[in-house]
Colleague: 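Pasting in a structure now, in structure tokens, and then I'll have a few things to ask.
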2 protein chains.
Amino acid sequence: MTTEDEPPQAPADEHADLWLAPGELASWLSVVRLMTRLPWAIDAQLQRDAELSMVEYMALAMLSEAPEWTLRMSVLAENTSSSLSRLSHMVKRLESRGYVRREADPADGRFTNAILLPAGMAKLESAAPAHVAFVRRLVVDNLSAERLRRLGQDAERILQRIDSPAR
Amino acid sequence: MTTEDEPPQAPADEHADLWLAPGELASWLSVVRLMTRLPWAIDAQLQRDAELSMVEYMALAMLSEAPEWTLRMSVLAENTSSSLSRLSHMVKRLESRGYVRREADPADGRFTNAILLPAGMAKLESAAPAHVAFVRRLVVDNLSAERLRRLGQDAERILQRIDSPAR
DNA sequence: TCATCTCACTTGAACCTTCACGTGGCGCCG
DNA sequence: CGGCGCCACGTGAAGGTTCAAGTGAGATGA
């Protein structure tokens with residue numbers, strides 16, 4: 001697919017060194033569209049079927065696999081790739097829905113633990129099947145095992161660069 | 001090559017059929033993290049160096065390659081993967097900054113054309129080098145040509161499923 | 001020719017994220 | 001033991017996106 005179309009007029013004269021080769025550009029634009037629309041699609045599915053956003057689902061899922069259904073806010077923030085502030089607001093909302101609760105770490109009051117409540121676990125379990133099926137249909141079962149593995153590797157490779165200091 | 005890593009402990013007991021196989025899950029989580037953090041990184045770079053968001057940059061870039069620097073709002077929305085409403089708000093802001101203007105299509109007043117202004121083109125040209133360099137460092141030059149091509153293909157394949165009706 | 005329908009936008013409110021700052025617990029150094 | 005600084009979080013305002021209506025231009029049909 002895709003690509004490698006020569007534009008009827010070649011406007012990419014002076015853009016050439018400022019920009020990307022046609023094939024590179026096409027691939028990059030596909031990635032951009034994926035980054036924009038895949039989260040949107042997942043959010044829409046979860047919102048429709050479970051009234052959860054993807055980050056909320058991820059948070060519940062992370063907690064459900066943690067010992068004692070408990071995680072520090074900062075760890076949960078890291079695991080869900082969200083800022084502490086965003087997480088704080090989000091957990092407040094989950095708390096008001098009865099899915100989690102917070103308490104200061106008994107051992108060190110500077111930390112706050114987020115704790116999954118039974119209602120939250122129930123919510124997660126009721127949301128999981130449709131969500132997993134959706135992820136399978138869009139991604140996991142849509143790519144060969146090998147390609148999925150490579151996709152994950154590429155993602156890690158890019159993430160590494162994101163985390164590494166400016167240069 | 002390469003190996004198939006077994007996780008040291010297998011926690012996926014009863015989750016197994018509700019969820020994904022360990023390798024699948026790992027790949028999927030990598031993709032999720034990529035979808036979350038790559039846009040964030042790009043936005044941060046553009047914001048810092050040019051006070052533009054990624055969508056704004058994309059919109060200017062699309063317009064700059066369109067004939068007469070002109071595109072219908074609906075076409076621009078499609079090309080930037082954003083809703084018409086989002087685009088409308090966004091273009092209003094770009095308009096107030098003097099980068100674009102809007103006018104009703106003379107041939108058919110139902111359509112609205114977004115038109116890139118010289119100041120917008122100048123903005124784009126001044127933002128492009130750093131942005132392109134950043135994209136190269138994170139993605140394009142970080143993957144082999146073959147892997148980049150395949151990444152683009154995988155993205156297209158997933159996008160196709162997103163666009164196809166529920167089943 | 002005029003009511004009605006359709007379709008591309010536009011708009012304003014609600015919601016969420018971001019940003020900058022504020023707060024409280026605990027270690028540390030005197 | 002007492003002030004100081006650091007660090008994990010919390011909070012409120014600002015800004016952007018989403019959602020649900022609203023608007024206006026052209027097609028359609030009587």
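Residue numbering restarts at 1 for every chain, and letters A, B, ... go by the order of the sequence lines. Hydrogens, waters and symmetry mates play no part in the numbers below; they use all other heavy atoms, side chains included.
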Colleague: Mind calculating the distance between CG (B:D105) and P (D:dA25) to the nearest angstrom?
Modeller: 13 Å

Colleague: Do the side chains of A:L71 and A:M62 get nearer than 4.5 Å, heavy atoms only?
Modeller: yes

Colleague: Does the base of D:dG15 carry an N or O that pairs as donor and acceptor with the side chain of B:H89 under 3.5 Å?
Modeller: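 Checked by distance alone, the answer is no.
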
Colleague: Using a heavy-atom distance cut-off of less than 4.0 Å, which residues of residues 49-63 of chain B contact DNA chain D?
Modeller: none

Colleague: Measure CZ/A:R102 against P/D:dC9 and give the value in whole Å, please.
Modeller: 10 Å

Colleague: Under 3.5 Å, side-chain donor or acceptor atoms of residues 93-100 of chain B against the rest of the protein: list the pairs with distances, not counting sequence neighbours.
Modeller:
residue: B:E95; atom: OE1; partner: B:R102; partner atom: NE; Å: 3.2
residue: B:E95; atom: OE1; partner: B:R102; partner atom: NH2; Å: 3.0
residue: B:E95; atom: OE2; partner: B:R102; partner atom: N; Å: 3.1
residue: B:S96; atom: OG; partner: B:R93; partner atom: O; Å: 2.8
residue: B:R97; atom: NH1; partner: B:E51; partner atom: O; Å: 3.2
residue: B:R97; atom: NH2; partner: B:E51; partner atom: O; Å: 2.9

Colleague: Please tell me if B:R72 has a side-chain N or O lying less than 4.0 Å from either OP1 or OP2 of C:dC9.
Modeller: no

Colleague: Residues in side-chain contact (heavy atoms from CB on, under 4.5 Å) with B:E146, at least two apart?
Modeller: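 Partners of B:E146 under the side-chain contact (heavy atoms from CB on, under 4.5 Å) test: B:S144, B:R149, B:R150.
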
Colleague: What residues in residues 76-87 of chain B put a non-hydrogen atom under 4.0 Å from any atom of DNA chain D?
Modeller: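 The answer is B:S83, B:S85, B:R86.
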
Colleague: For the pair made of CG in B:D43 and P in D:dT17, what is the distance, rounded to whole Å?
Modeller: 9 Å

Colleague: Got more than 12 heavy atoms from elsewhere within 6.0 Å of CD, B:Q47?
Modeller: yes

Colleague: Between A:F111 and A:K92, name the one whose nearest nucleotide on DNA chain D is closer to the 5' end.
Modeller: A:F111

Colleague: In this structure, how many angstroms lie between the P atom of C:dT18 and the CZ atom of B:R48, rounded?
Modeller: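 From B:R48 CZ to C:dT18 P: 17 Å.
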
Colleague: Rounded to whole Å, how long is the line connecting atom CG of B:D108 with atom C1' of C:dC7?
Modeller: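 Rounding to the nearest Å, CG of B:D108 and C1' of C:dC7 are 10 Å apart.
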
Colleague: I need the CD-C1' distance between B:E95 and C:dC9, as an integer number of Å.
Modeller: 13 Å

Colleague: So which nucleotide from D:dC9, C:dC9, C:dT18 ends up closest to the side chain of B:W40?
Modeller: C:dT18

Colleague: Tell me which of A:P106 and B:N113 sits closer to the 5' end of DNA chain C, going by the nucleotide each one is nearest to.
Modeller: B:N113

Colleague: With sequence neighbours left out, write down each residue that passes ring-ring contact (aromatic ring centres under 6.0 Å, His included) with B:Y57, or none if nothing qualifies.
Modeller: B:H131

Colleague: Tell me: CD of B:Q47 to P of C:dT18, nearest whole Å?
Modeller: 12 Å

Colleague: Name the nucleic acid region contacted by A:S88, choosing base, sugar-phosphate or nothing; use a 4.0 angstrom heavy-atom cut-off, strictly under.
Modeller: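 Base contact.
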
Colleague: Identify, with sequence neighbours excluded, every residue that meets side-chain contact (heavy atoms from CB on, under 4.5 Å) alongside A:L117.
Modeller: A:R101

Colleague: Checking the side chain of B:R72 only, and the main-chain atoms of B:F111 only, is there a donor and an acceptor separated by less than 3.5 Å?
Modeller: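 No, B:R72 side chain to B:F111 backbone: no donor-acceptor pair under 3.5 Å.
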
Colleague: On the nucleotide C:dT17, are OP1 or OP2 found under 4.0 Å from the side-chain N or O atoms that A:R93 carries?
Modeller: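 So the side chain of A:R93 is within the cut-off, an N or O lying under 4.0 Å from OP1 or OP2 of C:dT17.
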
Colleague: Taking CG from A:L71 and P from D:dA8, how many angstroms apart are they, rounded to a whole number?
Modeller: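 That distance rounds to 15 Å.
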
Colleague: Apply side chain to side chain contact (heavy atoms under 4.5 Å, CB included) to the pair B:L138 and A:I162, showing each step before the final yes or no.
Modeller: CA-CA 7 Å; B:L138 292 191; A:I162 292 176; 3.9 Å; yes

Colleague: Is any side-chain heavy atom of A:R147 less than 4.5 Å from a side-chain heavy atom of B:R157?
Modeller: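 Answer no - side chains too far apart.
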
Colleague: Is A:D105 salt-bridged to A:R110, going by a charged N under 4.0 Å from an acidic O?
Modeller: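 Here A:D105 does not pair with A:R110 in a salt bridge, since their nearest N and O are not under 4.0 Å apart.
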
